Engineer: 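Can you read through this structure? Questions will come right after.
The figures that follow rest on heavy atoms only: side chains count, while hydrogens, waters and symmetry mates do not. What you are looking at is a predicted structure, and each value in this text was computed from that prediction instead of being measured.
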Amino acid sequence: MDYNHLPREPLGFFPTPLIELKRLSNALGGPKIYMKRDDNTGLALGGNKTRKLEFILGDALAKGADTIITAGAIQSNHCRQTAAAAASLGLECHLVLGGEEPALASGNLLLDKLFGCHIHWAGANRKGEDIPRIVEQLTSQGKKVYVVPYGGSSEQGALAFVEAFKELELQRQSIGISLTHIVFASSSGGTQAGLMLGNKIFNSPYQIVAINIDKGETDKVSFDQYTLALANSTAKLIGADCEFTASDLILNSDYVGEGYGVVGALENEAIAMTAQTEGILVDPVYTGRAMGGLIDMIRTGKIKETDSVLFWHTGGAPALFAYATELDLAKKTSNPEV
């Protein structure tokens, strides 16, 4: 395994904390629950994309780029962190966002604007379908453009989570805990591909359980096939003797609900329970849905009381402010009568 020669630009604060969620575990009647706090990576209020961007923008700079472009939904955590990283590196940043420009910017969109990026509104196209046309325009203006893939999910982005897995193993061993599962939100495949590869490289026994966030396809390929291909191409990039098949992939699609970004009872309960037991914020789109999935898997016995599970918090708290009307804030928010 060799990747130290690949370009990398430091952007975040690592290692991120590894903590135990004792009150949440008690509320659910077990198992032991730990959390990897990638919401604390530092860049633009944190998130897992910071890890990916260290390798991706390292590659962009090595190739002489002066302009970067990427895409996502209006409340994309990936776009917010990309805009911040570009600002810190002196790169011009273009974001292609799905939907129409709202009258009032909030959440991640507000931060995108603060970072001074150029925003292109793309209607129904939130996965970068309009990027080639915009790249052509920018190139004609003499700019050296680098396309950051949707969600930061390229070989470089997945590689960041091989490195993250190594970070986790060093922490786990230093504090003497064991794990049976790693649970996290999966939407563009890079985090999952990297964790799968890290799990195999380090010969770890964990179940790598991805909670599917999005019904859509990626590059006209089914999400599971895309993730497997990315895990295999990342292994090839670093010379790891690994090959993945469908049997290696755990992608739980039971919690997609009404689709990407649509908040329901599952997310509402997970957000409230995590906040009110641990003082930790999960977001409406990604970590709230994944945490809701974890809670349900514990309640239904798919994860047992004797297990020891890690929830990988991938960030996203800024989106909470844009979803105020969708969140159920009735529980435990009023002052008790005296």
Engineer: Side chains of residues 10-24: which donor-acceptor partners sit under 3.5 Å, not counting sequence neighbours?
Structural biologist:
{"residue": "Thr16", "atom": "OG1", "partner": "Lys36", "partner atom": "NZ", "Å": "2.9"}
{"residue": "Thr16", "atom": "OG1", "partner": "Asp38", "partner atom": "OD1", "Å": "2.8"}
{"residue": "Thr16", "atom": "OG1", "partner": "Arg51", "partner atom": "NH2", "Å": "3.2"}
{"residue": "Arg23", "atom": "NE", "partner": "Thr277", "partner atom": "O", "Å": "2.7"}

Engineer: Check the side chains of Asp296 and Tyr255 for a donor-acceptor pair under 3.5 angstrom, ignoring hydrogens and angles.
Structural biologist: yes
Engineer: Compare all side-chain heavy atoms of Leu281 with those of Asp39 and state whether any distance is below 4.5 angstrom.
Structural biologist: no
Engineer: Any side-chain heavy-atom pair from Arg37 and Ile280 closer than 4.5 angstrom?
Structural biologist: yes
Engineer: With clusters defined by side-chain heavy atoms of hydrophobic residues (ILVMFWY) lying less than 4.5 Å apart, directly or transitively, does Leu310 cluster with Ile201?
Structural biologist: yes
Engineer: Just by modelled atom types, is the Phe55 backbone N or O under 3.5 Å from a matching donor or acceptor in the Asp59 side chain?
Structural biologist: no
Engineer: Atom CD1 in Ile182, atom CH2 in Trp312: separation rounded to 0.5 Å?
Structural biologist: 6.5 Å
Engineer: So how far is it from Ile56 CD1 to Ser153 OG, rounded to the nearest 0.5 Å?
Structural biologist: 7.5 Å
Engineer: Is Ile119 reachable from Ile69 through a run of I, L, V, M, F, W or Y residues, each pair having side-chain heavy atoms under 4.5 Å apart?
Structural biologist: no
Engineer: Determine yes or no for a side-chain-to-main-chain donor-acceptor pair under 3.5 angstrom, with Thr41 supplying the side chain and Gly47 the backbone.
Structural biologist: yes
Engineer: Quick one: pull up NE2 in His78 and CG in Asn48 and give me the separation to the nearest 0.5 Å.
Structural biologist: 10.5 Å
Engineer: Do Leu249 and Met196 have side-chain heavy atoms sitting under 4.5 Å apart?
Structural biologist: yes
Engineer: Would you check, one step at a time, whether the test side-chain contact (heavy atoms from CB on, under 4.5 Å) holds for Asp66 with Glu92?
Structural biologist: CA-CA 6 Å; Asp66 56 25; Glu92 183 175 310; 6.0 Å; no
Engineer: Under the 3.5 angstrom rule, does the side chain of Ser186 hit a backbone N or O of Asn212 as a donor-acceptor pair?
Structural biologist: no
Engineer: Which heavy-atom pair separates Trp121 from Gly99 by the least distance, and what is that distance?
Structural biologist: CE3-O, 3.6 Å
Engineer: Take Ile134 and Val96, measure what side-chain contact (heavy atoms from CB on, under 4.5 Å) needs, and give me the verdict at the end.
Structural biologist: CA-CA 9 Å; Ile134 299 170; Val96 184; 3.6 Å; yes
Engineer: Looking only at atom types and distance, does a side-chain atom of Asp248 sit under 3.5 Å from a main-chain N or O of Thr245, one as donor and one as acceptor?
Structural biologist: yes
Engineer: Find out if a path of hydrophobic residues (ILVMFWY) with successive side-chain heavy-atom gaps under 4.5 Å connects Leu45 to Leu43.
Structural biologist: no
Engineer: Has Lys200 got its NZ or CZ under 6.0 Å from the middle of the six-membered ring of Phe244, at an angle within 45 degrees of the ring axis?
Structural biologist: yes
Engineer: Same cluster or not: Ile298 versus Leu266, using hydrophobic residues (I, L, V, M, F, W, Y) connected whenever any side-chain heavy atoms lie under 4.5 Å apart?
Structural biologist: yes
Engineer: In sequence, state the C-alpha distance, the side-chain angles, and the governing distance for Val209 and Leu294, and then conclude on side-chain contact (heavy atoms from CB on, under 4.5 Å).
Structural biologist: CA-CA 10 Å; Val209 182; Leu294 172 59; over 6 Å; no
Engineer: Between Glu169 and Lys166 (salt bridge meaning N to carboxylate O under 4.0 Å), is one present in this structure?
Structural biologist: no
Engineer: Is a donor from one side chain sitting under 3.5 angstrom from an acceptor on the other, for Asp283 and Tyr323?
Structural biologist: no
Engineer: Please check if the side chain of Thr274 supplies one atom and the backbone of Ile271 the other of a donor-acceptor pair under 3.5 Å.
Structural biologist: no
Engineer: Taking Ile250's backbone N and O only, do any of them form a donor-acceptor pair with Gln192's side chain (distance below 3.5 Å, no angle check)?
Structural biologist: yes
Engineer: Would a 4.5 Å heavy-atom cut-off, applied to side chains only, mark Ile68 and Leu89 as touching?
Structural biologist: no
Engineer: For the pair Arg289 (side chain) and Glu267 (backbone), establish whether a donor and an acceptor sit closer than 3.5 Å, ignoring hydrogens and angles.
Structural biologist: no
Engineer: Quick check: closest heavy atoms across His313 and Thr287, and the distance to 0.1 Å?
Structural biologist: ND1-CG2, 3.7 Å
Engineer: Is there a side-chain contact (heavy atoms from CB on, under 4.5 Å) between Met35 and Met291 once you walk through the steps?
Structural biologist: CA-CA 11 Å; Met35 179 179 280; Met291 180 60 80; 4.0 Å; yes
Engineer: If we only count heavy atoms from C-beta on, is the Met297 to Ile211 side-chain gap below 4.5 Å?
Structural biologist: yes
Engineer: Enter the distance from Ile208:CD1 to Asn199:CG here, rounded to the nearest 0.5 Å.
Structural biologist: 4.0 Å
Engineer: Glu326 side chain to Asn268 main-chain N or O, any donor-acceptor pair under 3.5 Å?
Structural biologist: no
Engineer: Compare every heavy atom of Ile213 with every heavy atom of Ala290, then report the nearest pair and how far apart it is.
Structural biologist: N-CD1, 4.4 Å
Engineer: So which heavy atom on Ile295 is nearest to which on Ala270, and how close?
Structural biologist: CD1-CA, 4.0 Å
Engineer: Does one side chain, of Glu163 or Tyr3, offer a donor that lies under 3.5 Å from an acceptor on the other?
Structural biologist: yes
Engineer: Could you tell me whether a side-chain N or O of Thr180 sits under 3.5 Å from a main-chain N or O of Ser308, the two making a donor and an acceptor?
Structural biologist: yes
Engineer: How many angstroms lie between atom CG of Asn125 and atom CG of Asp130, to the nearest 0.5 angstrom?
Structural biologist: 4.5 Å
Engineer: Do Glu269 and Arg299 meet the salt-bridge criterion of a basic N to acidic O distance under 4.0 Å?
Structural biologist: yes
Engineer: Quick one: does Ser188's side chain get under 4.5 Å of Lys52's, heavy atoms only?
Structural biologist: yes
Engineer: Let me confirm one number: the CD-CG distance from Gln173 to Leu168, rounded to the nearest 0.5 Å.
Structural biologist: 9.0 Å
Engineer: Identify which one of Arg133, Gln137, His94 satisfies the side-chain hydrogen bond (donor to acceptor under 3.5 Å, both in side chains) criterion when paired with His120.
Structural biologist: His94
Engineer: Does Tyr34 share a hydrophobic cluster with Phe161, counting links as ILVMFWY side-chain heavy atoms below 4.5 Å and allowing steps through other members?
Structural biologist: yes
Engineer: So, Asn108 side chain and Cys79 main chain: donor-acceptor pair closer than 3.5 Å or not?
Structural biologist: no
Engineer: Hey, is CD on Gln141 packed in by over 12 heavy atoms from elsewhere, all under 6.0 Å?
Structural biologist: yes
Engineer: Which heavy atom of Leu230 sits nearest to which heavy atom of Gly190, and what is that distance?
Structural biologist: CD2-CA, 3.7 Å
Engineer: Can you tell if the side chain of Leu111 reaches within under 4.5 Å of the side chain of Leu114, non-hydrogen atoms only?
Structural biologist: yes
Engineer: Kindly give the heavy-atom pair with the smallest separation between Ala71 and Tyr150, and that separation in Å.
Structural biologist: O-CD1, 3.7 Å
Engineer: Are Asn77 and Val285 side-chain neighbours, meaning at least one heavy-atom pair lies under 4.5 Å?
Structural biologist: no
Engineer: Relative to the ring of Tyr206, is the ring of Phe165 parallel (under 30°), tilted (30 to 60°) or perpendicular (over 60°)?
Structural biologist: tilted
